[in-house]
Number of protein chains: 2
Amino acid sequence: MKYERKIPIDLDCGVTIYQIMVGGKWKPYLINCMNCGLKRPSELLRAIHGATKRVLAQQLNEMEQMGLVTKRLYPEMPPRAEYELTETGRSLIPIIRLMDEWGLKHSCLFNEKGQYVGQNHGG
Amino acid sequence: MKYERKIPIDLDCGVTIYQIMVGGKWKPYLINCMNCGLKRPSELLRAIHGATKRVLAQQLNEMEQMGLVTKRLYPEMPPRAEYELTETGRSLIPIIRLMDEWGLKHSCLFNEKGQYVGQNHGG
DNA sequence: CAGCATCCCTCATGATACTG
DNA sequence: CAGTATCATGAGGGATGCTG
């Protein structure tokens, strides 16, 4: 098994489990993108601005090992791959949806450069 | 040079905002702990196993700047401080609760050492 | 197009010590 | 007890190149 933890985790704490399984920087975005069905890596790469194909592939691998996504590889040329959320993966959608909603509700605290400005009703 | 602050953040993506504001390793735990009311740093330190007071203080500072907690410092000796969730901070509780529930539901995928084992080979 | 290996930088965090 | 500065580290992930 490739996925090992050096530090023993606290199994009583669901947040810890969650962070291990969905903690990667891009996993929420990946889950979001795959919400609407099968996705190819190139699609995901285009959709998720700022990520490289290396990280996406890596995180997709982790998610596959964790049982969050399934992978289908077609033996064609050029190759084609498709990823899809498993039921477990889909069960994360509501959480990520909440996160997204919460974030959007507070996006007014940031300026166009993405810097935190706090209350910006000053004019 | 080549490595600049990668963030211009995507304000259209709530997940990004969320990760900026609540992305620290210990912030969910802190929020959880403060759910039941005022908390002193020493309490939080005892409650959150594995964290050092340095990180907790740091993340509490960030959370205060972000408007997630308020801090009350008593000019006593020895000093006393109390942290409390703001309304914004409390609005995160449902999300963290969901994360916790989700994680607990899948904690069976890990063994006692916190290593991922996939299918739980029962008892 | 998909996947992996390599190099190496950055950042958050851990450890420790000091101040008030 | 609370808070901060300093130093060390290691894991994540950005950039690039090769393979089929």
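What you see below is based on every heavy atom in this structure, not just the backbone, and it leaves out hydrogens, waters and symmetry mates. By convention in this document, chain letters (A, B, ...) are assigned in the order of the sequence lines, proteins followed by strands, and residues within each chain are numbered from 1.
- At distances below 3.5 Å, not a single donor-acceptor pair connects side-chain atoms of E64(B) with backbone N or O atoms of V69(B).
- For the segment residues 39-47 of chain A, residues with any heavy atom less than 4.0 angstrom from an atom of DNA chain C are, sorted by number, R40(A), P41(A), S42(A).
- Side chain of Q59(B) to backbone of W26(B): a donor-acceptor contact under 3.5 angstrom is found.
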Would Y83(A) and L30(A) satisfy side chain to side chain contact (heavy atoms under 4.5 Å, CB included), going step by step from the backbone distance to the final call?
CA-CA 10 Å; Y83(A) 289 88; L30(A) 287 168; over 6 Å; no
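- Note on K25(B): a side-chain N or O is less than 4.0 Å away from OP1 or OP2 of dG14(C).
- Distances were taken from every side-chain heavy atom of A81(A) (C-beta onward) to each of dG14(C), dA15(D), dA2(C); the shortest belongs to dA2(C).
- In this structure, Y116(A) contributes its side chain and M21(B) its backbone to no donor-acceptor pair below 3.5 Å.
- With hydrogens and angles ignored, the 3.5 Å screen pairs no side-chain donor or acceptor of R80(A) with any backbone N or O of Y74(A).
- Straight-line distance from the CZ atom of R80(B) to the C1' atom of dA2(D): 12 Å, rounded to whole Å.
- At the phosphate of dG3(C), OP1 or OP2 sits under 4.0 Å from a side-chain N or O atom of Y83(A).
- Atom OH in Y29(B) sits about 14 Å away from atom C1' in dT13(C), given to the nearest Å.
- Residues that satisfy the salt bridge (charged side-chain N to carboxylate O under 4.0 Å, His left out) test with R72(B), not counting sequence neighbours, are absent from this structure.
- Look at CD on E82(A): it is 10 Å from P on dA2(C), rounded to the nearest Å.
- Proximity note for M77(B) (side chain, C-beta onward) versus dG20(C), dG20(D), dT13(C): the nearest is dG20(C).
- Distances from the side chain of Q58(A) to the nucleotides dC1(C), dG14(C), dG13(D) place dG13(D) closest.
- We find that E62(B) and K27(B) are joined by a salt bridge, their nearest charged nitrogen and carboxylate oxygen being less than 4.0 Å apart.
- For the pair L56(A) CG and dG3(C) P, the interatomic distance rounds to 11 Å; values are reported in whole Å.
- Here the side chain of T86(A) pairs a donor or acceptor atom with the backbone of G67(A) at under 3.5 angstrom.
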Each nucleotide N or O in nucleotides 4-8 of chain D that has a protein N or O under 3.5 Å away: list the pair and distance.
| residue | atom | partner | partner atom | Å |
| --- | --- | --- | --- | --- |
| dT4(D) | OP2 | N61(B) | ND2 | 3.2 |
| dT6(D) | O4 | R54(B) | NE | 3.0 |

